[in-house]
Amino acid sequence: MEVILELRELSKQFATHRAVHDVSLAIDRGAFFSLLGPSGCGKTTTLRLIAGFETPSGGEIWLNGLRIDALPPFRRNVNTVFQSYALFPHLTVLGNVEFGLRHAPAADAQQRVRLVLEQVQMSDKQSRKPSELSGGERQRVALARALVLAPDVLLLDEPLSALDPQLRKQVRAELKALQRQTGVTFLFVTHDQEEALALSDRIAVMRGGEIEQAGTPQELYQKPRTRFVACFLGEMNWVDGVGIRPECVRVSGDAVLNACAGRVLHTTFLGPHQHIAIRLERGEAVTVQAAATVALKVGETVHVSWDPIDELRFPA
Amino acid sequence: MTRLRTIFATPAAALMLVTIAVPAGIIGVYSILNRGAYGGVELPWTLENYSRLIDPLYGGIFVRSLALAAAATALCILLGFPLALFIAHSGTRKNLYLSLVILPFWTSFLIRLYAWMFLLRDTGLINTVLQSLGVIRQPLPLLYNNGAVLLGLVYGFLPFAVLPIYAILERLDKSLLEAAADLGARPIAVLTRVTLPLCAPGIGAAAILVFVPSLGTYITSDLLGGSKTILIGNLVQNQFTTARDWPFGAAVSIVLMIVAVLLMFTVRRRGEELL
């Protein structure tokens with residue numbers, strides 16, 4: 001795979017705090033790459049450094065074989081989908097989509113505009129103003145406006161967070177389809193682990209301005225390198241300093257070998273399965289994922305066990 | 001809620017009625033009466049005050065007033081926009097710069113105009129300094145001309161242009177400017193393609209706030225323009241004072257008001273079309 005975007009020990013120091021510290025990353029051409037982390041972890045600042053809205057305090061940014069960290073935003077072949085979409089309110093959908101082509105004239109501009117409007121299904125609304133569009137439509141216009149310029153990398157700053165939850169899953173699927181269809185490299189910033197797991201080819205988990213771990217969603221979920229990554233992606237039980245996923249814990253009425261006894265605290269029905277919270281006799285509370293058909297009463301004594309192979313251990 | 005709104009609006013509405021609507025009505029009535037022998041007005045009704053305005057003499061005064069007001073408005077916006085932009089991008093110093101813009105209001109406009117006279121007159125500071133430096137031999141005619149009036153208008157009304165434009169720029173979503181740069185627009189293109197169009201309402205408000213008082217000004221033209229530069233404001237003032245022709249002064253006022261209101265609506269319209 002060819003690397004299209006590379007960050008080398010990228011840092012950003014603000015007057016009051018260090019937002020990004022020694023971040024190194026390589027993103028493959030055509031990948032869907034996510035920067036995942038809680039708010040304030042430096043993921044948005046990293047994105048803004050790549051876009052050129054912030055100047056790095058140290059390190060390098062290489063795009064398509066060119067060092068770009070000293071270039072102004074208008075010279076970088078990356079485009080951004082802003083969290084608020086930042087559509088120009090005085091221009092129509094068409095005016096917004098055509099905005100960037102004025103600065104990068106292309107012979108096939110008309111055709112590209114038409115194609116991208118079709119791709120985001122906004123052809124019939126191209127003469128509307130942003131104020132006349134729904135949240136989902138605005139998001140699609142923001143995508144079209146950026147994609148029409150055929151960027152080397154499309155930067156997306158939490159583009160789903162402004163949408164209501166029902167719409168989010170649908171738009172998520174559309175986004176993934178659009179990325180596959182266009183083949184453009186997506187760098188997606190999110191704090192939503194479910195979103196990152198569902199969309200990404202690779203994820204970098206950030207914490208306190210640094211990359212905690214980068215890898216495929218499977219690697220991060222199954223082989224988290226730190227406690228933070230283990231907790232941030234999916235749910236995690238901690239028993240005697242060892243991590244165990246709820247779906248790896250078995251629950252039974254009878255005492256089996258190596259099982260711990262406990263009492264059911266409460267159950268949460270989740271449709272296809274349920275989460276059973278159990279207080280172990282030894283003290284810890286664990287959550288067990290069980291089939292929805294398992295019927296347990298609150299206060300009932302049960303035995304939980306797991307395969308030691310599923311245990312996750314971390315250096316202290 | 002409606003009642004609360006009514007209560008809140010009443011004092012201002014009452015004040016407007018008493019100080020603007022009623023006097024405007026009185027002026028309207030005066031303008032269709034005859035002049036009294038010693039000022040004041042007398043019956044019978046007449047439209048002669050308006051027909052007298054057709055005289056080219058008054059046409060000239062109207063045209064000169066409109067031209068000066070238009071020039072003052074254009075200059076105030078040309079100077080005010082960059083200043084407003086500068087202040088809006090000044091971070092923590094915003095409030096300092098804003099108070100500097102407002103600072104002149106703490107001194108009477110009349111006193112500030114006298115200060116300008118002191119600077120501009122033949123024996124004023126500028127001419128004295130230039131002469132003593134040997135740059136000029138004869139004093140430059142800086143005072144008592146259209147240029148001096150224009151200077152006074154721009155000086156006096158510049159804050160009225162800066163403030164509404166600043167108010168819009170300050171609220172402008174910064175991510176729109178970033179988005180424009182992100183889409184390849186250089187700083188100058190960001191300014192012309194995003195900032196300026198989005199500022200149109202502020203510029204429209206600035207234009208009205210400068211143009212209307214400039215059109216009706218009489219102190220500035222009186223002090224800085226001398227007797228040569230008569231504007232509508234001076235014409236009105238003269239009719240009510242020395243000429244003792246109240247009905248004609250009233251008629252000129254009414255025409256001035258109509259012109260101002262018409263222009264205001266035109267600017268509004270244009271502003272709404274832009275957005």
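Naming: A, B, ... by sequence-line order, numbering from 1 per chain. Excluded from the calculations below are hydrogen atoms, water molecules and symmetry mates; all remaining heavy atoms, backbone and side chain alike, are included.
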Least distance between heavy atoms, B:Asp182 atom then A:Thr80 atom: OD2-N, 2.5 Å
Taking all non-hydrogen atoms of both residues into account, name the closest pair between B:Arg193 and A:His90 and its distance. O-NE2, 2.9 Å
Tell me, do B:Leu176 and A:Pro89 make a side-chain contact under 4.5 Å, heavy atoms counted? yes
Other residues, nucleotides and ligands only: do more than 12 of their heavy atoms fall within 6.0 Å of CD on A:Gln110? no
Closest heavy-atom pair, A:Phe74 versus B:Pro187, reported as atoms and distance to 0.1 Å, is CE2-CD, 3.5 Å
Within a 6.0 Å radius of atom OH on B:Tyr155, are there more than 12 heavy atoms belonging to other residues, nucleotides or ligands? yes
Tell me, side chain or backbone of A:Arg145 under 4.5 Å from chain B's heavy atoms, or both, or neither? both
Are more than 12 heavy atoms, taken from residues, nucleotides or ligands other than B:Ile188, located less than 6.0 Å from that residue's CD1 atom? no
Please look at A:Leu87 and chain B and tell me whether the side chain, the backbone, both or neither of the residue comes under 4.5 angstrom of a heavy atom of that chain. backbone
Determine yes or no for a side-chain-to-main-chain donor-acceptor pair under 3.5 angstrom, with A:His103 supplying the side chain and B:Ala181 the backbone. no
Of the backbone (N, CA, C, O) and the side chain (C-beta and beyond), which part of A:Phe99 lies under 4.5 Å from a heavy atom of chain B, both, or neither? both
Name the region of A:Phe88, side chain, backbone, both or neither, that has any atom closer than 4.5 Å to a heavy atom of chain B. both
Decide if atom CZ of B:Arg93 counts as having more than 12 heavy atoms of other residues, nucleotides or ligands within a radius under 6.0 Å. no
Tell me whether B:Arg112 at atom CZ has more than 12 heavy atoms from other residues, nucleotides or ligands lying less than 6.0 Å away. yes
Neighbour count >12 (heavy atoms, 6.0 Å) for atom CZ, B:Phe8: no
